[in-house]
J.: 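To start, I am sharing the structure in question, which I have written as structure tokens.
Sequence lines set the chain letters: A, B, ... in the order given, protein chains first and strands last, and positions in each chain run from 1.
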There are 2 protein chains.
Amino acid sequence: MLPEEERNVQTSSGNVDAGPLVVPVALASGGYEIHIGAGLVGRLGELCPPKCGARAVLVSSDRIPAEYADRCMTSLRAAGWAVEQLAVPDGEGAKSLAQAERLYEGCLDAGLDRGATVFALGGGVVGDLSGFVAATFMRGIAFVPVPTTLLSQVDASVGGKTAIDLPRAKNLVGAFHQPALVVADVSTLSTLPAREYLSGMAEVVKHAAIADEGLFRQLEGLGGRCLLADPSGLARVVARNCEIKARVVAADAHETGVRACLNFGHTIGHALEAAASGWSLRHGEAVALGMVAESEAAVRLGLASPEVPTRLRDLLRAQGLALHVGSVDLVRAHAALAHDKKVVNGRLRLPLVPCIGEVTITEGLPVAELAAALDGLLRAGA
Amino acid sequence: MLPEEERNVQTSSGNVDAGPLVVPVALASGGYEIHIGAGLVGRLGELCPPKCGARAVLVSSDRIPAEYADRCMTSLRAAGWAVEQLAVPDGEGAKSLAQAERLYEGCLDAGLDRGATVFALGGGVVGDLSGFVAATFMRGIAFVPVPTTLLSQVDASVGGKTAIDLPRAKNLVGAFHQPALVVADVSTLSTLPAREYLSGMAEVVKHAAIADEGLFRQLEGLGGRCLLADPSGLARVVARNCEIKARVVAADAHETGVRACLNFGHTIGHALEAAASGWSLRHGEAVALGMVAESEAAVRLGLASPEVPTRLRDLLRAQGLALHVGSVDLVRAHAALAHDKKVVNGRLRLPLVPCIGEVTITEGLPVAELAAALDGLLRAGA
């Protein structure tokens, strides 16, 4: 189902300490590169030199350690950028039109013009919101995400999706806007709260499940060990994940076809997220639950091998994901499922994993089948 | 400067009464058609049939006669659309993030999904705002403008630009989003206030000035006569204008190159609009003043024939444009000029008309030259 693969991570020496790994993302409109390595926030200006007189803002949040932002600002200014720092509040609530308006005003105050750049230092919230602002300020200016969570390094910063939330639904307003460059510093992951790290690990498992049985087995082989103890191994896993996602995105920049494969686990995942009180369920935790539930539905429908939900559940638990639904409101979860933006005329196309490492798009699946899987998850307490 | 021309208006009989004129707009992503004729609002559903079960909203404003919206709704429902009507307030103030949020909520209430369509019945405000909402709701759904002003028929609804305003600057937030179809009903122009009609005529003169000396002479030949008295002649002029704009847009969908030609008169025009109290200057009136002032600057710099500002001023006045600056705040006009989104590092590229029917892009013009032209316009009382 996924396009033919080419291993194309480039590094001059094959050694992560010698320089960042570079994953090229090919697009009809030209493409961009993802640079992955340790200590890159302090080299941001060098990796992304300004055009003469270019202006920029660096958007970050209270959640990000100030030293990362300081290193970015120092590096950008040393390289010649006229850059101002903007802050957004912590958490999913910041992905609002009100915060977008604050950032637009901040961009105006910083004198940004069409030649300017928005740098986004942080996780998915900062990236989604800043990316939307970059996509729409003056109908689109350059955007450079500097993702600082595992989830945003392997997922949210690759592929050009930007979004903000409406009170009734997540990511309902957005735009496709490809970055000029992505700089993923794996050193920043060491200060992540454990739950955030694990939430990202769920997406790593997702990429392995849909596209790379070898990576899945490699992760199974870790047992309970954590990749954070091995920065160069972690950089290679992040790069491999970016490569998988980049391959899919390159084949389908606007999510009309094969890119839907990346939504494995996300249909039920998003419904759970929307229904969890106060966004208490992390995105990756919701996706982990979604992958298990959607695979169990697929097994019941004869569309997947019974080992798929079993191996998924075992690997996710071994890596530390608790697989608890938490305080999910069933009525809200069903309403969110019905409002899912992939639903067209009461049915949806959904990626399912028939066996580990492969993915197929199932057309016209009635939403009711997923609603039943959701109920099963909640009854079982997952 | 403009790309080579092909006359490609299509009509089965050559007679506007027998069916709409059709101007195809070719784009890398597939393109769309502009249908132009009399009485088309009552045939909207027939011109744009729904896919099975498709949902839609029709956005309009208080300014639009209710009978046009009623005819659209009747026609769309007869064709099988599940369509709800949404209203926005009258005037430029409606191009706000707050109104965009109201429309997003309205789209959710109407059950719109990714297969849905936003129809926009009205002038530039309704089209810009609704287009921005269509561009960003679920990261982009189908958009069908039904422009009801001369300005939006010949300009705002062709080319995929959508925008909203921030309090400090017009059109500062937006997206490029190509329509699925444009339906321009010239009958709706007969109920336009005269000032709105004339504002559109300024853009018609602009298209003739940059691309079609024959059309310019034809308009000069009208003397004081108004095209509204001749609907099929009006439809042909609208179609010719769409053709000129479509040719430029097809060559440059994202305004990185030749499309800048369409901004003739708009740099000073936008500054005047931003500085006129309460948006009291119409867009076309501002562009008319801008074309004259920018051409006078070009003559002073030896970049244009002296007949250019003279013929422009004479034709615009003959068609009824008063060329008054009204109550423009000079300090605000200069500030708006400095904030123009085309300014990169204190200079801008600007389209100038060296002789009627031709246009060239002048690179690196200092903003100061335009500031002087602006001052001249204000001193002269235009």
J.: Can you tell me how far CG of B/Asp340 sits from CG of A/Asp113, rounded to the nearest 0.5 angstrom?
T.: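 It is 10.0 Å, given to the nearest 0.5 Å.
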J.: With sequence neighbours left out, which residue pairs that include part of residues 93-105 of chain B fulfil the salt bridge (Lys or Arg N to Asp or Glu O under 4.0 Å) condition?
T.: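 Residue pairs passing salt bridge (Lys or Arg N to Asp or Glu O under 4.0 Å), neighbours aside: A/Arg168-B/Glu105, B/Glu92-B/Lys95, B/Lys95-B/Asp128, B/Lys95-B/Asp165.
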J.: Within residues 76-84 of chain B, which positions have a heavy-atom distance to chain A below 4.5 Å?
T.: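 Within residues 76-84 of chain B, no residue comes under 4.5 Å of chain A, counting heavy atoms only.
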J.: What distance separates A/Met138 CE from B/Leu172 CG, expressed to the nearest 0.5 Å?
T.: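 Spacing of CE (A/Met138) from CG (B/Leu172) equals 4.5 Å.
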J.: Roughly how far apart are A/Thr136 OG1 and B/Phe176 CZ, rounded to 0.5 Å?
T.: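 Answer for the OG1-CZ pair, A/Thr136 versus B/Phe176, is 12.5 Å.
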J.: Output yes when a side-chain donor or acceptor of B/Arg139 lies under 3.5 Å from a complementary backbone atom of A/Thr162, and no otherwise.
T.: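 Such a contact is found between B/Arg139 side chain and A/Thr162 backbone.
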J.: Mind jotting down which residue pairs meet the side-chain hydrogen bond (donor to acceptor under 3.5 Å, both in side chains) criterion with at least one end in residues 48-59 of chain A? Sequence neighbours excluded, please.
T.: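 The answer is none; no pair qualifies.
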J.: Test of understanding: with side chain to side chain donor-acceptor pair (under 3.5 Å), list the residues that count as partners of A/His177, not counting sequence neighbours.
T.: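 A/His177: no side chain to side chain donor-acceptor pair (under 3.5 Å) contacts found.
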